[in-house]
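Here the structure comes first, spelled out in structure tokens, and everything after it is commentary.
Just so you know, these numbers use all the heavy atoms, side chains as well, and skip hydrogens, waters and symmetry mates. It should be emphasised that the depicted structure is a prediction, and the values quoted were computed from it without experimental measurement.
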Amino acid sequence: MLLRGIVSTPLPSLHINTARTVTVSATTTNYSISDKELESRGFILRRTISDLNLDHLNKVFVAVGFPRRDPAKIKIALENTSCVLWMEYKKTQKPVAFARATGDDVFNAIVWDVVVDPSFQGIGLGKAVMERLIDDLLEKGICNIALYSEPRVLGFYRPLGFVADPDGIRGMVYSTKLNNNNNKTRS
């Protein structure tokens, strides 16, 4: 989910419950939709940004309510992303589902920008992308996977293993709006 620049109230923070035993490999993981099924439906699963058209991705961001972003900044963000996963629809050769994670590649990762083109929502693509992104992170040995979510979609993440505020941990967000107001009162 997108953590938008100025936040007046913190978004709920979710962490994945990794206390469960997970067997992860391309051959033993049971996904809700198999790679073969995705391909038969006309979707290509991608894990690199080499064929990703940033203007098309930006259109998906805007279609789900994210602000339009500068493509040059999207490129920089993606170049600094540890793990990216997206689906291309073969007929249009455009991205229709996307998620990425940043982090230290050892202990921690934060999932960002989970989106599905509205015309493709409800057919399991968001879940398919997230299942694989989580597995990719777990394969790296990352055990602390977090994300920020809008309250209306918390229910999407819970069945994937995410829990709100594990062990009473609460997230905080730096607010440039609040900080600017504090600086004005100090002057």
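Note that Arg132 lies in the cation-pi zone of Tyr31, set by a 6.0 Å cut-off to the ring centre and a 45° limit from the axis.
A donor-acceptor pair under 3.5 Å links the side-chain atoms of Trp86 to the main chain of Thr48, judged by distance alone. Side chain of Ser34 to backbone of Glu37: a donor-acceptor contact under 3.5 angstrom is found. A donor-acceptor contact shorter than 3.5 Å links the side chain of Glu131 to the backbone of Ser32. Between the side chain of Lys90 and the backbone N or O of Arg41 there is no donor-acceptor pair closer than 3.5 Å. Checking side-chain atoms of Asn80 against main-chain N and O of Ile76 turns up a donor-acceptor pair under 3.5 Å.
From Asp104, atom CG reaches atom OG of Ser82 across 8.0 Å, with rounding to the nearest 0.5 Å. Note that the CD1 atom of Ile44 and the CD atom of Gln93 stand 7.5 Å from one another [nearest 0.5 Å]. If you take CG on Asn144 and CG on Asn108, they are separated by 4.5 Å, rounding to the nearest 0.5 Å. Distance check: Cys143 SG to Leu137 CG gives 11.0 Å after rounding to the nearest 0.5 Å. The distance from the CG atom of Leu147 to the CD1 atom of Ile134 is 8.5 Å, given to the nearest 0.5 Å. Rounding to the nearest 0.5 Å places CD1 of Ile145 at 11.5 Å from CD1 of Ile110.
Phe61 places a side-chain heavy atom less than 4.5 Å from the side chain of Arg69. The shortest distance between side-chain heavy atoms of Val84 and Arg47 does not fall below 4.5 Å. Annotation: side chain of Leu38 is in contact with side chain of Met87 (closest heavy-atom distance under 4.5 Å). Here the side chains of Asn58 and Phe66 are not in contact, with every heavy-atom distance at 4.5 Å or above. Side-chain contact between Val111 and Leu133: present, with at least one pair of heavy atoms (C-beta onward) separated by less than 4.5 Å.
The neighbour count for Lys127 NZ, taken as heavy atoms of other residues, nucleotides or ligands under 6.0 Å away, does not exceed 12.
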I'd like to know whether Val106 forms a side-chain contact (heavy atoms from CB on, under 4.5 Å) with Ile142, so could you lay out the CA-CA distance, the side-chain angles of the two residues, the decisive distance to 0.1 Å, and finally the verdict.
CA-CA 5 Å; Val106 180; Ile142 296 170; 6.0 Å; no
Pair Arg100, Leu78 - check side-chain contact (heavy atoms from CB on, under 4.5 Å), show working.
CA-CA 8 Å; Arg100 69 185 184 101; Leu78 293 176; 3.7 Å; yes
Assess the residue pair Leu57 and Leu52 against the criterion (side-chain contact (heavy atoms from CB on, under 4.5 Å)); give the C-alpha distance rounded to whole Å, side-chain angles, the decisive distance to 0.1 Å, and a yes or no.
CA-CA 8 Å; Leu57 178 61; Leu52 180 59; 3.9 Å; yes
Mind running salt bridge (Lys or Arg N to Asp or Glu O under 4.0 Å) on Asp55 and Lys94 for me, showing each step along the way?
CA-CA 10 Å; Asp55 289 325; Lys94 293 180 181 178; over 6 Å; no
Evaluate the criterion side-chain contact (heavy atoms from CB on, under 4.5 Å) for residue pair Arg46 and Phe98; output intermediate values, then yes/no.
CA-CA 9 Å; Arg46 304 215 184 253; Phe98 178 88; over 6 Å; no
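When all heavy atoms of Pro95 and His56 are compared, the pair lying nearest together is CD-CB, 3.5 Å. Minimum heavy-atom separation, Val153 to Ser149: CG2-OG, 3.3 Å. Nearest heavy-atom pair across Ala101 and Ala109 is CB-CB, 4.4 Å. The two residues Met130 and Ala99 make their nearest non-hydrogen contact at SD-CB, 4.3 Å. The two residues Val62 and Pro67 come nearest to each other via the heavy atoms CG2-C, 4.4 Å.
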Expected list for residues 115-126: side-chain donor-acceptor pairs under 3.5 angstrom, two or more places apart:
residue : atom : partner : partner atom : Å
Asp117  : OD1  : Ser119  : N            : 2.8
Asp117  : OD1  : Ser119  : OG           : 2.7
Gln121  : NE2  : Val116  : O            : 2.8

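Ring geometry for Tyr89 versus Phe43: interplanar angle of 30 to 60°, hence tilted.
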